[in-house]
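One structure is given here, and the rest of the page talks about it.
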Amino acid sequence: QTVVIQEPSFSVSPGGTVTLTCGLSSGSVSTTSYPSWYQQTPGQAPRTLIYSTNTRSSGVPDRFSGSILGNKAALTITGAQADDESDYYCVLYMASGISVFGGGTKLTVL
Amino acid sequence: EVQLLEFGGGLVQPGGSLRLSCAASGFTFSNYGMSWVRQAPGKGLEWLSVISGSGGSTKSADSAKGRFTISRDNSKDTLYLQMSSLRAEDTAVYYCARRDYSGRHYFDCWGQGTLVTVSS
């Protein structure tokens, strides 16, 4: 069974830059996996940030960007703000037609 | 305004069944694939199932196969998740999510979720 791997936690200073990654237990992530990224704060529904690797969803600040780095999908936050402190999830679309969430990254801004 | 509203959650005994509903508004429901995603307390998001706009095609995660059935009624703009043989580990907030229209396989709209608690 395919496992999507994210860093469990990450910390960034206010104004700093952080890159979260999303990999596969076996194989490489490519654009054909249509990587997407979601932000979730406690008690709230997820919010769509990035889709199709690097397209920002409507209303998402341009400090959020997506890319492929090596064999992983990546979410970069440039100029982190306090309210970026959230859980971040990636989703990969598999050739079988199913979607798989990564385990999520808890981002702390301090 | 696009809205998704889940309901039908609640307390159910182990081995019991429950049907969740997700009422859609603000868009042409039958044009969009829809998914269910759940989140156990303190855990991450887990994709469960997807159904095509027509309802003619479904896919499910291994964890959902055999016990959970996704369906939809386009005349009522409503998505369903029929859950059976429920276990304690099915305790979670269940979200419905709209799949994008353009075939880029992401979720572009989310409901607020409904809590299912499986306990005796």
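Just the heavy atoms: all of them, side chains too, but no hydrogens, waters or symmetry mates, feed the values below.
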Tell me whether [X] shares a hydrophobic cluster with [Y], the cluster being built from Ile, Leu, Val, Met, Phe, Trp, Tyr side chains joined at under 4.5 Å.
X     : Y      : value
B:I70 : B:L20  : yes
A:Y38 : A:V100 : yes
B:M34 : A:Y93  : no
B:F27 : B:W36  : yes
B:V12 : B:L115 : no

Specify the closest pair of heavy atoms between [X] and [Y], including all atoms of both residues, with the distance to one decimal.
X      : Y      : value
A:A45  : B:G111 : CB-O, 3.2 Å
B:Y95  : A:Q44  : OH-O, 3.4 Å
B:W110 : A:T48  : NE1-OG1, 3.4 Å
B:L45  : A:P46  : CD1-CG, 3.7 Å
A:Y89  : B:G44  : OH-CA, 3.3 Å

- Message: Under a 4.5 Å cutoff for heavy-atom pairs, which residue among A:S58, A:G103, A:S99 has the most contacts with chain B?
- Response: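 Highest number of heavy-atom pairs under 4.5 Å: A:S99.
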- Would A:V91 and B:W47 satisfy side chain to side chain contact (heavy atoms under 4.5 Å, CB included), going step by step from the backbone distance to the final call? CA-CA 9 Å; A:V91 174; B:W47 179 83; over 6 Å; no
Chain A contact via [X] - which portion, at a heavy-atom distance below 4.5 Å:
X     : value
B:S60 : backbone
B:D62 : side chain
B:V37 : side chain

- Query: When rounded to the nearest 0.5 angstrom, what distance separates CG in B:L48 from CD1 in A:I98?
  - Reply: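 CD1 of A:I98 is found 11.0 Å from CG of B:L48.
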- Query: For the atom pair OH (A:Y34) and OG (B:S102), what is the distance rounded to the nearest 0.5 Å?
  - Reply: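 Here the rounded value is 9.0 Å.
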- Task: Using non-hydrogen atoms and a 4.5 Å limit, figure out which bit of A:S96 sits close to chain B: side chain, backbone, both or neither.
- Result: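 Just the backbone, heavy atoms under 4.5 Å.
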- Message: Around atom CZ of B:F7, are there more than 12 heavy atoms from other residues, nucleotides or ligands closer than 6.0 Å?
- Response: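 Yes, enclosed.
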- Could you have a look at B:K59, B:Q39, B:E46, B:R104 and say which one has the most heavy-atom pairs with chain A under 4.5 angstrom?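 Between B:K59, B:Q39, B:E46, B:R104, the count favours B:R104.
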- Task: Examine B:Y106 together with A:W37 and report whether their ring centres are nearer than 6.0 Å.
- Result: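 That pair fails the under 6.0 Å test.
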